[in-house]
Amino acid sequence: KAWDGSIDGIIQSFKVVAIRKISSVVKILQDYEKSGLSPEDAWNKASVFLTAASEAHGRAVLLSVYKSEMDKRAAVLSPPLRKVLLQLVDLYVTYWALEKVGDMLLYASITDKDVDELQRRYIELLAAIRPNAVGLVDAFDFRDEILNSTLGAYDGRAYERLMEEAMKSPLNAEPVNQTFHKYLKPFMRGKL
Amino acid sequence: VNVDLQRERAKCNFNVEELTNFLDWGVKYTEKRRNLEQKVLSIKGLLDDTPEEYLSHKEKYENAIRKSVLFYKTLHSTEDENMSIDEKTKLNFRNIVTSAIFKDNSPFMLHNSMFIPTIMGQGTDEQREYWMKRAKNMEIIGTYAQTELGHGTFIRGLETQATYDPDTEEFVLHSPVLSSYKWWPGGLAHTANYCIVMARLYIKGKSHGIHPFMVQIRDEETHMPLPGIKLGEIGAKLGFNTVNNGFLGFENHRISRDRMLMKNAQVLKDGTFVAGSNSKLTYGTMVYVRVLIVSNMANMLAKAVTIAVRYSAIRRQSQPKPDEPEPQILDYVTQQHKLFIAIASSHAFYMNAMWLWEIYYSVSLQLASGKLDNLPELHALACCLKPLSTIDATAMIEKCRLACGGHGYMLSANLAQTYGLATAAYTYEGENTVLLLQAARSLVKAWVGHVKGRPLKGTMAYLAGESTV
């Protein structure tokens, strides 16, 4: 089958990757057992590929559930919000296709041209999401007390807060720490 | 408000409140969550004046206990008893008000997240009625001890013994070797006075597998450890330092027969063992917690990316074009590459967690009526989604820290502590590699069955598409 670069097409490719990895690891297990290994030893020897197969299955589930739940739940949302949420779905799917490009080359029918296209699309999506980035994180609706962060407060006074927090260091309670008289001064006067 | 942030908010082209409601499972839950946050955060003394980082290990614990008591008094007074489990879970999906009070989590954490759910899931009606009342009123504080020094996720390897003595109708709890000491449970060290202990049941020399036991570990008046019980704290860790993780060993400590949680298997007075309908039911609590971990990861990642995106909007750096001001670092594509995937991933985890909760809720209703068909698939799903969500969240929170440069390294940025909490989830409730291997077992079984012509169900149904690929 030719590569399908749509969101659904890429998710389908992740399923193909999972199918291939699972079928391949079953074959590996069977070959190990045929070579005389016990089922337990065969399992241990194939375990790196077994975890990879599970991860591929999990990745296919994560991607397809994210897409299908968003389709289902976002249907009632306003068009501007739905648009940005679907951009995020697209970004997520594209990001993981590029992260797993080795698997795609090995098990799906992606070509180098398709990869170029995915990369272009990814950069375009970053630009499309950029204007809404702060709005998207504001929507998580964390109060400042919950974020508990000098850098992330709603008002953006990051430098002021960093300085205020620095002043809370117990070392700033006095201009000269007692270790100067006790250790540093005798040490420095010792003229190394 | 910083002018750059003001400008960013002005150009946002969707309704932020609408998205908040969407993530909260509806307007109703946004309102409930905000009311709860307002109530809790208006209590004096709950937020620290002195940063926790400057306290000693012991002071951190003492401060955390002081705040936990204040916090739970507030929670108790606001709790709506009429809410169903489904409604409570939906409200709690995005309720992380505790993180305002405890940067490194509460010593009562396990009381709510493991102790109470285990009583609910593993106790008989009579046991539930008695213990739930005490636990909910905080007459007792409990935790859940499964992991041992020598064994974690491999439950069948647990060595703690519960030997039934039919003469006295008691179980004798014993830790035969050092590796059998319980190790890690939150609150176990100095906070809890009761503990659900997973131990291997022996009757007349025969092993009957691992079962849960309600064990009193400290005197209710003096809080001293009971005779035959060795307790302590396991020491400083990468994170979770106010959770009071502890160790527990037994020296032939006796508990009455009714202290075994007997919903799924029973020991009669004469020592007859009555097996449950399905031994897998014992692991129900772990599946439930793994479902919640996916939503926890969504929250932690959302927190980290909120910090990093806001900082990236106000931070200006370098001068790529002469005679122009330093750009906001959020305009650098490398920065967008680090951060926007974290926003999308958090949404992906929320959607998956909502979906998984709906499956869990319907499977738990089926279980109540004795239908077990969908339990293996739910188990396999939780075994995949828990590892992937914790792996991704941990890596992306670290990216958020890196996106904030040196300032992100400050503890006051709260990215390091968030990473500490997320990476702990990589290990607890089933170490990720072990869980992936458990999921692999289900997948291999399903695949081999499919090749032999057996039908594939649910989320594994797509495997049947091989012939069309």
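Residue numbers begin at 1 in each chain, while the letters A, B, ... track the order of the sequences.
- Formation of a donor-acceptor pair under 3.5 Å by the Ser54(A) side chain with backbone atoms of Leu437(B) is not found in this model.
- Applying the ring-ring contact (aromatic ring centres under 6.0 Å, His included) test to residues at least two apart or on different chains, the pairs with a partner in residues 140-169 of chain A are Phe140(A)-His347(B).
- You'll find the side chain of Arg143(A) stays beyond 4.5 Å of the side chain of Arg34(B), heavy atoms only.
- Asn2(B) contributes no side-chain N or O that, together with a main-chain N or O of Arg157(A), makes up a donor-acceptor pair within less than 3.5 Å.
- Thr20(B) places a side-chain N or O within donor-acceptor distance of the main-chain N or O of Ala139(A), the cut-off being under 3.5 Å.
- Glu145(A) and Lys103(B) are not joined by a salt bridge, as no carboxylate oxygen comes within less than 4.0 angstrom of a charged side-chain nitrogen.
- With a threshold of 4.5 angstrom between heavy atoms, Ser169(A) approaches chain B through its backbone and through its side chain.
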### Message
With salt bridge (charged side-chain N to carboxylate O under 4.0 Å, His left out) as the criterion, how do Arg310(B) and Asp155(A) come out once you've worked through the C-alpha distance, each side chain's angles and the decisive distance to 0.1 Å?
### Response
CA-CA 9 Å; Arg310(B) 284 184 183 160; Asp155(A) 63 12; over 6 Å; no

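- In this structure, Arg441(B) forms a cation-pi arrangement with Trp43(A), its terminal cationic atom sitting closer than 6.0 Å to the ring centre and no more than 45° off the ring axis.
- We find that Asp49(B) and Lys168(A) are not joined by a salt bridge, their nearest charged nitrogen and carboxylate oxygen being 4.0 Å or further apart.
- At distances below 3.5 Å, not a single donor-acceptor pair connects side-chain atoms of Ser149(A) with backbone N or O atoms of Asn414(B).
- In summary, Arg130(A) and Asp331(B) engage in a salt bridge, as defined by a charged side-chain N under 4.0 Å from a carboxylate O.
- Applying a 4.5 Å heavy-atom cutoff, none of the residues of residues 172-184 of chain A approach chain B.
- Residues of residues 75-83 of chain A placed with any heavy atom under 4.5 Å of a heavy atom in chain B are listed by number as Leu77(A), Ser78(A), Pro80(A), Leu81(A).
- Dense packing is recorded around OH of Tyr32(A), with more than 12 heavy atoms of other residues, nucleotides or ligands lying under 6.0 Å away.
- Contacts classified as salt bridge (Lys or Arg N to Asp or Glu O under 4.0 Å) and involving residues 28-42 of chain A (residues at least two apart or in different chains) are given here: Lys27(A)-Asp31(A).
- Between the Asn132(A) side chain and the Asn13(B) main chain, a donor and an acceptor come within less than 3.5 Å of each other.
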